[in-house]
Amino acid sequence: MSEYNFDYLDELEAEAIHILREVAGQFEKPALLFSGGKDSITLVRLAEKAFRPGKFPFPLVHIDTGHNFEETIQYRDEMVARIGEKLIIGSVQQSIDEGKVIEQTGKSASRNALQTVTLLDTILEHKFDACIGGARRDEEKARAKERIFSVRDEFGQWDPKRQRPELWNIYNGKIHKGENVRVFPISNWTELDVWNYIRRENIALPSIYFAHQRDCITRNGQLMAASPFLNMDDEDVVVSKKVRFRTVGDMSCTAAVESDADLIDDIIQEISESKISERGARMDDKVSEAAMEDRKKGGYF
């Protein structure tokens, strides 16, 4: 009798593919939220394994703040052209122009929190009943509370007390009209798991994940990419640093880390030795002790 040798990445992959197929089977209009970051890129590879040679049973959805890294947008457009799948873009700038949100002012202004309104409007416009995302439990304590199928009410809000039990890999996708489910296929993965999977699958990533020379300023003790989106003034001193980004988000709230890791093996070694989580480089998580949970309760992904 032949033997099957599965390592832990095979098990994580199989679980994620099972979840993606459950979404396709249980929901009428799902979507995959794509940010251009490594986690959503990993989800695209998993979706290819789950549904190829057919088309994805859902579009990709990017909530564009207008303040993204240029490298990320370039990667997004090239990837969508390569895989031939539908991309829907929700524009935060449009939400601002329509008066639905008010842009923040001051040196610490960011559009990151404004994404919630744009996301909820995009869900409503396209009548999505499930949104797949790349959040992981190891990232942040509020995300650690999430189930893999996480129900949002008709206002897009999350109530941690309404979590459903998930026993024996059985996922309950039953919802009432107007409700929505956020689905996290790689919830049980760690940052290191994602990078090991990217190495195994030889997945291309935006260049900002690898060490490169970049003009930066120091703000609130963090290295930020010098950009007009940061509302820079004469107090901001621009210096050239060799950095990389562990997480990719709005330029106004995503900090870099000094690094010489320009190869994937070096990045994996660096992460293995790090004592700070990747979300430690996200300024939006430092607004309060419960910043992420508060945003989730308001409809944030």
Side-chain angles (χ1 to χ4, degrees), residues 16 20 30-52 55-96 110-123 125-126 128 130-136 139 182-186 191 194-195 197-198 201-210 212 214 225 227-229 243-256 264 267 278 281-282 284 300-301:
L20 288 169
L32 191 156
L33 297 187
F34 183 81
S35 67
K38 68 184 185 311
D39 299 313
S40 57
I41 292 169
T42 296
L43 284 179
V44 170
R45 172 56 58 87
L46 291 166
E48 289 180 310
K49 292 199 172 190
F51 304 112
R52 289 293 189 244
K55 299 284 285 184
F56 292 177
F58 40 68
L60 307 184
V61 175
H62 181 213
I63 305 303
D64 186 355
T65 67
H67 288 179
N68 296 288
F69 288 90
E70 181 180 340
E71 297 93 331
T72 305
I73 298 301
Q74 180 181 345
Y75 179 95
R76 178 199 70 186
D77 294 342
E78 291 174 352
M79 187 206 72
V80 169
R82 175 178 57 80
I83 66 175
E85 297 293 342
K86 182 179 180 181
L87 173 67
I88 294 171
I89 299 176
S91 169
V92 171
Q93 183 62 57
Q94 182 177 334
S95 298
I96 294 170
S110 171
R111 287 187 174 183
N112 194 57
L114 306 185
Q115 294 181 85
T116 298
V117 171
T118 309
L119 171 62
L120 295 179
D121 282 350
T122 304
I123 290 172
E125 177 184 353
H126 296 278
F128 294 132
C131 292
I132 304 161
R136 309 185 321 270
E139 290 182 274
R182 310 291 170 84
V183 182
F184 307 109
I186 60 171
E191 181 187 13
V194 172
W195 276 103
Y197 188 75
I198 288 168
E201 297 293 312
N202 195 27
I203 300 172
L205 294 176
S207 59
I208 59 174
Y209 277 110
F210 301 89
H212 59 283
R214 183 179 287 265
S227 162
F229 305 142
V243 299
R244 72 177 193 87
F245 293 84
R246 291 177 68 183
T247 179
V248 174
D250 192 301
M251 286 189 76
S252 60
C253 65
T254 305
I264 194 165
I267 291 174
E278 63 188 294
R282 291 295 291 269
D284 49 325
Y300 186 81
F301 194 76

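The shown structure was predicted, so the numbers you read here are calculated from the model rather than taken from an experiment.
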Exercise. Asp121: what forms a side chain to side chain contact (heavy atoms under 4.5 Å, CB included) with it, not counting sequence neighbours?
Worked result: Lys100, Val117
Seminar exercise, completed: When every non-hydrogen atom of Asp250 is compared with those of Asn112, the smallest separation belongs to OD2-N, 3.8 Å
Seminar exercise, completed: Across all chains, not counting sequence neighbours, the salt bridge (Lys or Arg N to Asp or Glu O under 4.0 Å) partners of Lys86 are none
For this session: Tell me, please, which residues at least two apart from His62 pass ring-ring contact (aromatic ring centres under 6.0 Å, His included).
Result: none
Problem set entry | Residue pair Arg76 / Leu60, side-chain heavy-atom distance below 4.5 Å | no
Exercise. Residues two or more places apart in sequence or in another chain: which of them pass side-chain hydrogen bond (donor to acceptor under 3.5 Å, both in side chains) with Glu48?
Worked result: Arg45
For this session: Name all residues meeting the side-chain hydrogen bond (donor to acceptor under 3.5 Å, both in side chains) criterion together with Arg52; count only those two or more places apart in sequence or in a different chain, and write none if there are none.
Result: Glu85
Exercise. Taking only residues two or more places apart in sequence or in another chain, which ones pass ring-ring contact (aromatic ring centres under 6.0 Å, His included) with His212?
Worked result: none
Exercise. Has the side chain of Arg182 got a donor or acceptor atom that lies under 3.5 Å from a matching backbone atom of Cys131?
Worked result: no
Exercise. Passes side-chain contact (heavy atoms from CB on, under 4.5 Å), Phe128 versus Val61? Steps please.
Worked result: CA-CA 11 Å; Phe128 294 132; Val61 175; 3.8 Å; yes
Exercise. Which atom names give the shortest non-hydrogen contact between Pro185 and Leu20, and what distance separates them?
Worked result: CG-CD2, 3.9 Å
Problem set entry | Which atom of Gly134 lies closest to which atom of Ile186, heavy atoms considered | O-CD1, 3.6 Å
Seminar exercise, completed: Contacts of Lys49 meeting side-chain hydrogen bond (donor to acceptor under 3.5 Å, both in side chains) (sequence neighbours excluded), chain-then-number -> Glu13, Glu201
For this session: Can you measure from CG (Asp39) to CZ (Arg136) and round to the nearest 0.5 angstrom?
Result: 4.5 Å
Exercise. Looking at side-chain heavy atoms only, is the closest gap between Lys38 and Trp195 below 4.5 Å?
Worked result: yes
For this session: Quick one: sort the Phe51 and Phe58 rings into parallel, tilted or perpendicular, breaks at 30° and 60°.
Result: perpendicular
Exercise. What closest approach, in Å, do Tyr209 and Gly37 show between heavy atoms, and which atom pair accounts for it?
Worked result: OH-CA, 3.2 Å
Exercise. When Gln115 is tested against each of Thr122, Ile63, Asp64, Leu120 for side chain to side chain contact (heavy atoms under 4.5 Å, CB included), which residue passes?
Worked result: Ile63
Problem set entry | Listed partners of Arg214 passing salt bridge (Lys or Arg N to Asp or Glu O under 4.0 Å), at least two apart | Glu71
Exercise. Is Val248 close to Thr254 at the side-chain level, that is, under 4.5 Å between some pair of heavy atoms?
Worked result: no
Exercise. Which atom names give the shortest non-hydrogen contact between Phe56 and Val44, and what distance separates them?
Worked result: CZ-O, 3.9 Å
Problem set entry | Derivation and outcome, side-chain contact (heavy atoms from CB on, under 4.5 Å), residues Ile198 and Thr42 | CA-CA 7 Å; Ile198 288 168; Thr42 296; 3.8 Å; yes
Exercise. So which pairs with a foot in residues 69-94 pass ring-ring contact (aromatic ring centres under 6.0 Å, His included), sequence neighbours left out?
Worked result: Phe69-Phe245
For this session: Any chance you could measure Ile208, atom CD1, to Met251, atom CE, to the nearest 0.5 Å?
Result: 8.0 Å
For this session: Heavy atoms only: give me the nearest Pro30-Pro57 pair and the separation to one decimal.
Result: CG-O, 3.8 Å
Exercise. With sequence neighbours excluded, what pairs up with Ser40 under the side chain to side chain contact (heavy atoms under 4.5 Å, CB included) test?
Worked result: Phe34, Ser35
Exercise. Can you tell me how far CD1 of Ile267 sits from CG of Leu205, rounded to the nearest 0.5 angstrom?
Worked result: 8.0 Å
Exercise. Residues two or more places apart in sequence or in another chain: which of them pass side chain to side chain contact (heavy atoms under 4.5 Å, CB included) with Gln74?
Worked result: Glu78
Problem set entry | Point-to-point distance, once rounded to the nearest 0.5 Å, from NE2 of His67 to OG of Ser110 | 8.5 Å
Exercise. Is there a side-chain contact between Leu33 and Leu119, using heavy atoms and a 4.5 Å cut-off?
Worked result: yes
Seminar exercise, completed: Contacts of Thr118 meeting side-chain hydrogen bond (donor to acceptor under 3.5 Å, both in side chains) (sequence neighbours excluded), chain-then-number -> Ser95
Problem set entry | Spacing of Asp77 atom CG and Ile89 atom CD1 [to the nearest 0.5 Å] | 6.5 Å
